[in-house]
Number of protein chains: 2
Amino acid sequence: MAVKNDEANIGVVSSSKTYHNPTEATLDRIGGKWKTAILCMLAEQGALRNGEMMRMLSPITQKMLTQQLKEMEADGLILRTVYPEVPPKVVYELTESGRSLRKVLDPLCDWGKQFMKI
Amino acid sequence: MAVKNDEANIGVVSSSKTYHNPTEATLDRIGGKWKTAILCMLAEQGALRNGEMMRMLSPITQKMLTQQLKEMEADGLILRTVYPEVPPKVVYELTESGRSLRKVLDPLCDWGKQFMKI
DNA sequence: CTGAATCCTGAATGATACTG
DNA sequence: CAGTATCATTCAGGATTCAG
């Protein structure tokens, strides 16, 4: 997913893989275990804090939430804003590119509804 | 992906997970490393044989191709037809459900084009 | 409150050899 | 031609602990 920090590739936003078709490039960016859930939440709620997302995505771990958010930030899908307060306040929201994913997430969501048992 | 053959779940087409949202149900079915590539090929070509797909997806291994096809067949996305000939002839094509994935694959493909370098 | 740093396990994928 | 069967490897994901 996203970036592999080997020596020759530090800080590079997008790895230089070769895909069989463009769908694989998309899945590389939204295929993480929690990414579509996070993206859908942010699309609905607008902007959220770490703690809020932790609760909504339970039982996600802090490590996974942070990791998935970081990767998506590096991929330009999410904007992370730190407010210099005490205690710390950090807010996450979709970027323009992240919002453009709606065209992808909506069909993904529609098709999957036939299997939902919630 | 697809089925987990533990004792209580043999032969069940769809595992009984609980998802945070329907997108995860979709990704469970098309998220394998080669699945979208296979599905797109079949959507374009109509029907293909094992050897044809092996060549088009190179460097996929025989094991992975068979495995991904089996899972998608179990999920009702692909139809496998064996012609009783010598040498053997087996043809794969999309089912109705598989064809309905076009609504998902097309947006997935469109969005990913911005990252293609081929 | 937000998040970094380690360590660890299992699933997913791959290499290779064999078969009706 | 179209697979199976094993073994090896890699890597995403998870548990736990520490920090500003």
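These figures come from a predicted structure and were not determined experimentally. Below, each value reflects all heavy atoms present in this structure, side chains not excepted, and no hydrogens, waters or symmetry copies. Residue numbers start from 1 in every chain, and the chains themselves are labelled A, B, ... in the order their sequence lines are given, proteins ahead of strands.
B:Val86 belongs to no hydrophobic cluster with other residues, because no ILVMFWY side-chain heavy atom falls under 4.5 Å from its own, directly or through intermediates. Residue A:Val91 is found in a hydrophobic cluster whose other members, listed by chain and number, are A:Tyr83; membership requires side-chain heavy atoms under 4.5 Å apart, directly or through intermediates.
Rounded to an integer number of Å, the gap from B:Met54 CE to D:dT4 C1' is 14 Å. Taking atom CE of B:Met53 as the reference point, atom C1' of D:dG3 lies 12 Å away to the nearest angstrom. Between A:Asp28 atom CG and C:dA12 atom P there is a gap of 17 Å when expressed in whole angstrom units. Distance CG (B:Leu65) to P (C:dA15): 14 Å, rounded to an integer number of Å. Taking atom NZ on B:Lys33 and atom P on D:dC11, their separation rounds to 10 Å, with Å as the unit. The distance between atom CD of A:Gln67 and atom P of D:dA12, rounded to the nearest whole Å, is 8 Å. In this structure, A:Met64 atom CE and D:dT16 atom C1' are separated by 15 Å, rounded to whole Å. Rounded to whole Å, the distance from CG on A:Leu57 to P on D:dG13 is 14 Å.
Without hydrogens or angle criteria, B:Thr23 side chain to A:Leu108 main chain gives no donor-acceptor distance under 3.5 Å. Not a single donor-acceptor pair under 3.5 Å links the side chain of A:Glu52 to the backbone N or O of A:Leu48. At least one donor-acceptor pair under 3.5 Å links the side chain of A:Thr95 to the backbone N or O of A:Gly76.
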Contacts under 3.5 Å, N or O only, protein and nucleotides 1-5 of chain C:
unit_1 : atom_1 : unit_2  : atom_2 : d
C:dC1  : O3'    : A:Arg49 : NH2    : 3.4
C:dT2  : OP1    : A:Arg49 : NE     : 3.1
C:dT2  : OP1    : A:Arg49 : NH2    : 3.2
C:dT2  : OP2    : A:Gly51 : N      : 3.1
C:dG3  : OP1    : A:Arg80 : NE     : 3.0
C:dG3  : OP1    : A:Arg80 : NH2    : 2.3
C:dG3  : OP1    : A:Tyr92 : OH     : 3.0
C:dG3  : OP2    : A:Tyr92 : OH     : 2.8
C:dA4  : OP1    : A:Lys70 : NZ     : 3.4

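End-to-end axis angle of the helix from C:dC1-D:dG20 to C:dG20-D:dC1, using five pairs per end and rounding to 10°, comes to 50°.
Using a 4.5 Å cut-off on side-chain heavy atoms (C-beta onward), A:Tyr92 and A:Ile38 make no contact.
Contacts of B:Gln68 with the nucleic acid, taken as non-hydrogen atoms under 4.0 Å apart, involve only primed sugar atoms and P, OP1 or OP2.
Here the NZ atom belonging to A:Lys33 is positioned 7.5 Å from the CE atom belonging to A:Met64, to the nearest 0.5 angstrom.
Within the structure, the salt bridge (Lys or Arg N to Asp or Glu O under 4.0 Å) test picks out the following pairs touching residues 99-111 of chain B (sequence neighbours left out): B:Glu96-B:Arg99, B:Arg102-B:Asp106, B:Asp110-B:Lys113.
In this structure B:Met54 satisfies the side-chain contact (heavy atoms from CB on, under 4.5 Å) test together with B:Asn50, B:Ile60, B:Gln62, B:Leu65, sequence neighbours excluded.
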